[in-house]
There are 2 protein chains.
Amino acid sequence: MSRPDTPVYLQLRDRLRAWIEAENLSSQHRLPSERELAQRFNTTRVTVRQALAQLEADGRIFRSNRRGWYVTPERLRYDPSRDVGFNQYVTDQGYTPRTETLSKQLIEAPAWLSAVSGLEQGAPVYQILRRRYVDTRAVLVEHNYINPAHCSGLLSENTDASIWALFRDRFGLHPQHRQLEIYSLALKQPEADALGVSHGAAGLYIQRLSHDQQGTFLELDREYWLHDALKIVVNVGEPMAP
Amino acid sequence: MSRPDTPVYLQLRDRLRAWIEAENLSSQHRLPSERELAQRFNTTRVTVRQALAQLEADGRIFRSNRRGWYVTPERLRYDPSRDVGFNQYVTDQGYTPRTETLSKQLIEAPAWLSAVSGLEQGAPVYQILRRRYVDTRAVLVEHNYINPAHCSGLLSENTDASIWALFRDRFGLHPQHRQLEIYSLALKQPEADALGVSHGAAGLYIQRLSHDQQGTFLELDREYWLHDALKIVVNVGEPMAP
DNA sequence: AAGTGGTCTAGACCACGTG
DNA sequence: ACGTGGTCTAGACCACTTT
């Protein structure tokens, strides 16, 4: 089927992929150790790790630091343009969400935030840092920067649930305009550590900038996701006629 | 500054990154060869390649098959929700676009297309396969599936420019609803080969499903991008008040 | 023909997670 | 204490690109 000169690591990748698809079912299943795979396929760990890196890049397996390689769960479908919270997405798709608020404080708007938000530099801004889980796997860290003008006292609320729900129900705020930025990157020190992956692991960055109907800055949200944890689904334009 | 036990490949990554940022500006600049870097930093090619892979994952350098490593150009900003063609995006941002139509034909809708589009299985569909460049670098391959009901004769037109412009100007078609799907993946055989990268290179997948105001399927677009070539920017909701 | 990245071997020691 | 992945060495040959 495949040419005889196919590199060993690609053959191994394909055999592992087939094995995962055939044998296996449940996510979070652990693969044999690298040494065992090397022995079983009569090659070295370097080559085994090339094959594993391919499957990792494709989002089929992920590594848990010095514990082993595991089969990746299904991607979470996620629409960053909608006013629906993370917890509800996860629950609707049959998983168990969890959110940890890592820190929340009032800061002075740094220059970069001023540039994108229109706030004056040094103006007070709520900063909230959260880590979110699907089942037991940490899949994203999130930095929220919020204009306190319209939601004074927000930091006293419970921020482990949806901030948008707080906006809506507690403060009567309704973002009218949003700009999304999405691109892939390598996760750096703080985010990688918070997600329990190594520096340079593949990630997906989502930034959401929200204003109200008067054009006043409401919130900037910067999310760092594991690259294999989500599939973005966005609906734009008029809804279809019934 | 950094702890003395920082791995060699991370030190090397940081030194290379600093060197790229300081010394160098122009994209497409070639790095020293792996062997030369190994010698200069008194280490081995394996370690050098770990450092290079980190910079590649971060989108700062890319490899050209057996020619060397090069500094990545700036990301193209791209809004897949707007009726603006690729060529115009590229031109507006100061680059030179190029599009090659690799194939175009009339096919029968396969089962998977029927499932997402609502077309009957086996119904006639135009299929267009294109490769697109920013300057001299191939950055994406694109599969278009188009409902011929409203644009008969499309395959006789020049498809190296914008298909949406053809929809609008030649056929009077205006997509009213679109669903976008975006996620990262590893590029597989046909797409990787078409882009001149190796199997398993990191990519970004964008799918765009368009209907007209009656809910009739117009077009399905599946784009496979090099992961470092673009930054998605989407505006949703009401535009800001002036 | 020379140089490059692509692939691969056969080891080694270390840091960390788990029993 | 043991097994795991994380890091690293010092080579080798090959396929391909460029000169």
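The sequence lines fix the lettering, A, B, ..., with proteins before strands; numbering per chain opens at 1. Hydrogens, waters and symmetry mates play no part in the numbers below; they use all other heavy atoms, side chains included. None of the values given here were measured: they were computed from a predicted structure.
When distances run from any side-chain atom of Val8(B) to the nucleotides dG17(C), dG5(C), dC8(D), the shortest one goes to dC8(D). Among the nucleotides dC8(C), dT4(C), dG17(C), the one closest to any side-chain atom of Pro7(A) is dC8(C). Comparing dT7(D), dT4(C), dT9(C) by their nearest atom to the side chain of Tyr9(B) picks out dT7(D).
In this structure, Gln39(A) atom CD and dG5(D) atom P are separated by 14 Å, rounded to whole Å. Computed from coordinates, the Arg49(B) CZ to dT9(D) P distance equals 15 Å when rounded to whole Å. As a whole-Å value, the separation of Glu34(A) CD from dA12(C) P is 17 Å. Between the C1' atom of dG6(D) and the NE2 atom of His199(A) lies a distance of 13 Å, rounded to the nearest Å. Taking atom CG of Asp193(B) as the reference point, atom P of dC16(D) lies 12 Å away to the nearest angstrom. In this structure, Arg66(A) places its CZ atom 5 Å from C1' of dC16(C), rounding to the nearest Å. Taking atom CD of Glu36(A) as the reference point, atom P of dC2(D) lies 19 Å away to the nearest angstrom. Whole-Å rounding puts the Trp69(B) CH2 to dG6(C) C1' distance at 11 Å.
For the residue pair Asp160(A) and Thr101(A), a side-chain donor N or O sits within less than 3.5 Å of a side-chain acceptor on the partner. With no hydrogens or angles considered, a side-chain donor-acceptor pair links Glu219(B) and Trp164(B) at under 3.5 Å. For the 3.5 Å distance criterion, the side chains of Arg132(A) and Thr99(A) qualify, holding a donor opposite an acceptor.
Counting distance only, with no hydrogens placed and no angle test, the side-chain atoms of Arg35(A) and the base atoms of dG5(D) include a donor-acceptor pair under 3.5 Å. Applying the 3.5 Å distance criterion, the base of dG6(D) shares no donor-acceptor pair with the side chain of Arg63(A). Side chain Arg45(A) to base dG6(D): a donor-acceptor pair is found below 3.5 Å.
OP1 or OP2 of dT9(D) has at least one side-chain nitrogen or oxygen of Thr47(B) nearer than 4.0 Å.
Ring pair Tyr205(B)/Tyr224(B): centre-to-centre distance below 6.0 Å.
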- prompt: Hey, mind stepping through Val139(B) and Leu76(B) against side chain to side chain contact (heavy atoms under 4.5 Å, CB included) and telling me if it holds?
  reply: CA-CA 10 Å; Val139(B) 295; Leu76(B) 184 72; 5.9 Å; no

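Within the nucleic acid shown, Ser33(B) comes within 4.0 Å of sugar-phosphate atoms alone, with no base atom in reach, counting heavy atoms only. Nucleic acid contact for Thr43(B): sugar-phosphate only, since backbone atoms but no base atoms lie under 4.0 Å from a heavy atom of the residue.
Of the residues near DNA chain C, Asn65(A) and Arg67(B), the one whose nearest nucleotide (by heavy atom distance) lies more toward the 5' end is Arg67(B). For the pair Ser64(A) and Val46(A), nearest-nucleotide mapping onto DNA chain D gives the more 5' position to Ser64(A).
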